[in-house]
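The chains referred to below are lettered A, B, ... by the order of the sequence lines, with proteins before strands, and numbering in each begins at 1. The shown structure was predicted, so the numbers you read here are calculated from the model rather than taken from an experiment.
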Protein chains: 2
Amino acid sequence: MSPARTTAGAPISSIGRGIAVLGCFNERRRALTLSELSEKSLLPMSSTHRVVAELVAGGFLVRGSDRRYRIGTRVWSIGQLAPVSDQLRHRALPTLARLYEETGENITLAVLDRGQALYVDRIGGERSVHTASRAGGHLPLHTTGVGKVLLAWQSPEAIEKYLSRPLTRTTPYSIVDPVKLKTELVETKNRGYAIARQESTAGNGSVAVPILRGGRCVAAVGVVAHLTHMDIPRLVEVLQQASDSIRKELEDDH
Amino acid sequence: MSPARTTAGAPISSIGRGIAVLGCFNERRRALTLSELSEKSLLPMSSTHRVVAELVAGGFLVRGSDRRYRIGTRVWSIGQLAPVSDQLRHRALPTLARLYEETGENITLAVLDRGQALYVDRIGGERSVHTASRAGGHLPLHTTGVGKVLLAWQSPEAIEKYLSRPLTRTTPYSIVDPVKLKTELVETKNRGYAIARQESTAGNGSVAVPILRGGRCVAAVGVVAHLTHMDIPRLVEVLQQASDSIRKELEDDH
DNA sequence: ATGAAGGTTCCAATGACCGGAACATTACTC
DNA sequence: GAGTAATGTTCCGGTCATTGGAACCTTCAT
C-alpha cells in the first residue's frame, strides 16, 4: 500500500491532512458531507472518515443533524486569540466606525494572508453598496483597493512571484496583464494609495491606503463605493487620517 | 520506545496532538515558546517541535520575532465559518446593540462549549462596569448568569455530571456546594431567568435568560452590572424581549 | 422492493511517527 | 566576553499508528 503523498511525491503528515480537511470549508461551503470532504481534500474516503472523526473528537468539526460537517466552535474560540483579531481588529474598530460615519460607505480592513487579501473587518450598512468582501473572507490581491495596497508594499521579489502566476479575472475590468499590473503597483506605491474601478464587482470602485509600521505594510484600510459616488481626493484624505489613527493605536502599548 | 499515550493508556493520534498544542493557547497565554508548549501539551520537546513545525507550515501557528508562537491568521479565518459566528453572532448583534442602548450595561451572549460558558459576544462601553468575559473567552457555568442558564436547561443527567465534579470558587460568593447549586438551577429554570451576585467578579451581578429553539437552550443573553444598579424586574423584561427577538432572527431563514 | 449513493468498519502491510540522545543556538551571569 | 544554563533543532533506528482497498451497512429516492 503506498503511503499518502502529494502529487509532487512528498509525503503528507497527519496534521497536514487534518488542516487540509479544515481547509475545504469556505464562505460558500460551510456545511460539507464526508464525500465532499473526501473529494476536496483528495483523501480516500476511509482516510477522510478517520481524520474527520479525530477532528470531531477534538471539537474542531461538528456533525449536524443533516449529516453534514461544520467548523466547530472551538476553532472560532481559538481563532479569537490570533493577533489579527486580538490586536489589529479591536484597536482599529473605533476608527473604522468613525470612517463609516464620515463616508456612509463600506469600510474594509484587510491583511495579507497566503497570497490573498484577508478581510479582517467590514463595516457597512444599508446605505452602502453590496460588496463581495466579508470578515474572514479572502479576495485576490490584484482586483481590490486593499489588495493592491498590500501587494504594492511587498518586496520586489514577492511582487514578481505574484505576477509570475496567472492572474484571475473576476470582472471584465480586472487587470490580468502582469506588465500593466506592475505599472499599476508602482503608481500605487508612489502616490500612496490604490484605486480599483469595477475590477472586483461591477459598478463598484474602491480606494485604499496602507497602515505602515516600521516601513512594513501591516494592513490596508479601504472604502468601497459606487463608482459614481466616489470623491477620490476626499476619500484619500479621510483614509490617511484613519490610517494614522490606527497606526497610533497599534503603537500605544506593546 | 513506547508510543504516545495518555495517562489512561489510550494512544493519542497525530491530529489529537496538533489540537492539544493549539489548545495550549488561551486569553492569558497568547504567545508561547516551544518549551512552554511542550510542557503544557505534555509532549516531548522533539515531538512538540515537529508538530509545531507542521502547524506553522499549515498556517495554524506563526512564529514571531520574539521566538514565540501565536495562533495563525488562518485559524481565525476558518473559525469565522463556525455556526456560532456565522449564524448566532451576526444575527444577534443588532438586538444586543439595542439591549445595550436600553440598559447602558455590558451585554453578553454565550453558548455552552465543552462544559463552560463560551462568550460569543460582548457589547459594552465606558459607561458599563468592567467584566471578566470576553468574546472567545470561557467562564465556569456556575458563577455567571448566562452560565447558570446554559446549565439549568441541560438534561438532568448532564447537570448531575457537572455537579459531580468539584466546582471552582472564583469569588467568596461563588456557589460551590452541589446541593445549593442544584436548588439554584431548579429555581432558575422555574422562574425563567438566572441571577448571579458577585459570584464571578466582586461588586458585579448579572441577570440572564435563555434563547430557546425547539425546547433546547441554544444560547443565553445576559446583562452584567454593578449590583447596586440592578433593577432586576426591568432587566428580565428587556432580556426576554431580546431573547424573543433573537429567536425570531434565527428562525427567519433556515 | 430495488438500486445507487453515501457512510462505516475491517484488516494486513508498512513507512511515518516516535522520542531519546546528541548537537546547536540563544540568553543569561558574572 | 568567557562560561554556563536554558532553549531549540537535528538525527536516527525501532515500532506501532496510520493507511487505503475492500467489504459491509445505512439512507434515500424511485
From CA spacing to verdict: salt bridge (charged side-chain N to carboxylate O under 4.0 Å, His left out), B/Lys182, B/Glu160 | CA-CA 9 Å; B/Lys182 194 173 179 181; B/Glu160 284 306 324; 2.7 Å; yes

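Residue B/Ser47 places at least one side-chain N or O under 4.0 Å from the OP1 or OP2 atom of C/dG19. Between B/Thr48 and the phosphate of D/dG8, there is no side-chain N or O to OP1/OP2 separation shorter than 4.0 Å.
Residues A/Arg247 and A/Leu212 approach most closely at CD-O, 2.8 Å, considering heavy atoms.
For B/Thr33, the side-chain hydrogen bond (donor to acceptor under 3.5 Å, both in side chains) partners two or more places apart in sequence, or in a different chain, are B/Glu36. Not counting sequence neighbours, B/Asn26 has no partner by the side-chain hydrogen bond (donor to acceptor under 3.5 Å, both in side chains) test. Taking B/Gln240 as the reference, nothing meets the side-chain hydrogen bond (donor to acceptor under 3.5 Å, both in side chains) condition, with sequence neighbours excluded. With sequence neighbours left out, B/Ser164 forms a side chain to side chain contact (heavy atoms under 4.5 Å, CB included) with no residue at all. Residues satisfying the side chain to side chain contact (heavy atoms under 4.5 Å, CB included) test with B/Val111, not counting sequence neighbours, are B/Val84, B/Leu88, B/Leu118, B/Val120, B/Ala219. In this structure B/Ala57 satisfies the side chain to side chain contact (heavy atoms under 4.5 Å, CB included) test with no other residue, sequence neighbours excluded. Not counting sequence neighbours, the partners of A/Val56 by the side chain to side chain contact (heavy atoms under 4.5 Å, CB included) test are A/Val52, A/Leu61, A/Tyr69.
Here D/dC28 presents its P atom at 12 Å from CZ of A/Arg68, a figure rounded to the nearest Å. One can place CG of B/Leu43 at 17 Å from P of D/dT7, the figure rounded to the nearest angstrom. Atom pair B/Arg50:CZ and C/dA21:P shows a separation of 16 Å (rounding to whole Å applied). Distance CD1 (A/Ile15) to P (C/dC17): 8 Å, rounded to an integer number of Å. Between B/Leu32 atom CG and D/dG8 atom C1' there is a gap of 15 Å when expressed in whole angstrom units. Atom CG in A/Leu42 sits roughly 15 Å away from atom P in D/dT19 (whole-Å rounding).
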Nucleotide N/O of nucleotides 2-8 of chain C paired with protein N/O under 3.5 Å:
| unit_1 | atom_1 | unit_2 | atom_2 | d |
| --- | --- | --- | --- | --- |
| C/dG7 | OP2 | A/Ser35 | N | 2.9 |
| C/dG7 | OP2 | A/Ser35 | OG | 2.3 |
| C/dT8 | OP1 | A/Arg63 | NH1 | 3.0 |
| C/dT8 | OP2 | A/His49 | NE2 | 3.2 |
| C/dT8 | O5' | A/His49 | NE2 | 3.3 |

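Helix-axis bend for the helix from C/dA1-D/dT30 to C/dC30-D/dG1: the local axis fitted to the five terminal pairs at one end deviates from that at the other end by 60°, rounded to 10°.
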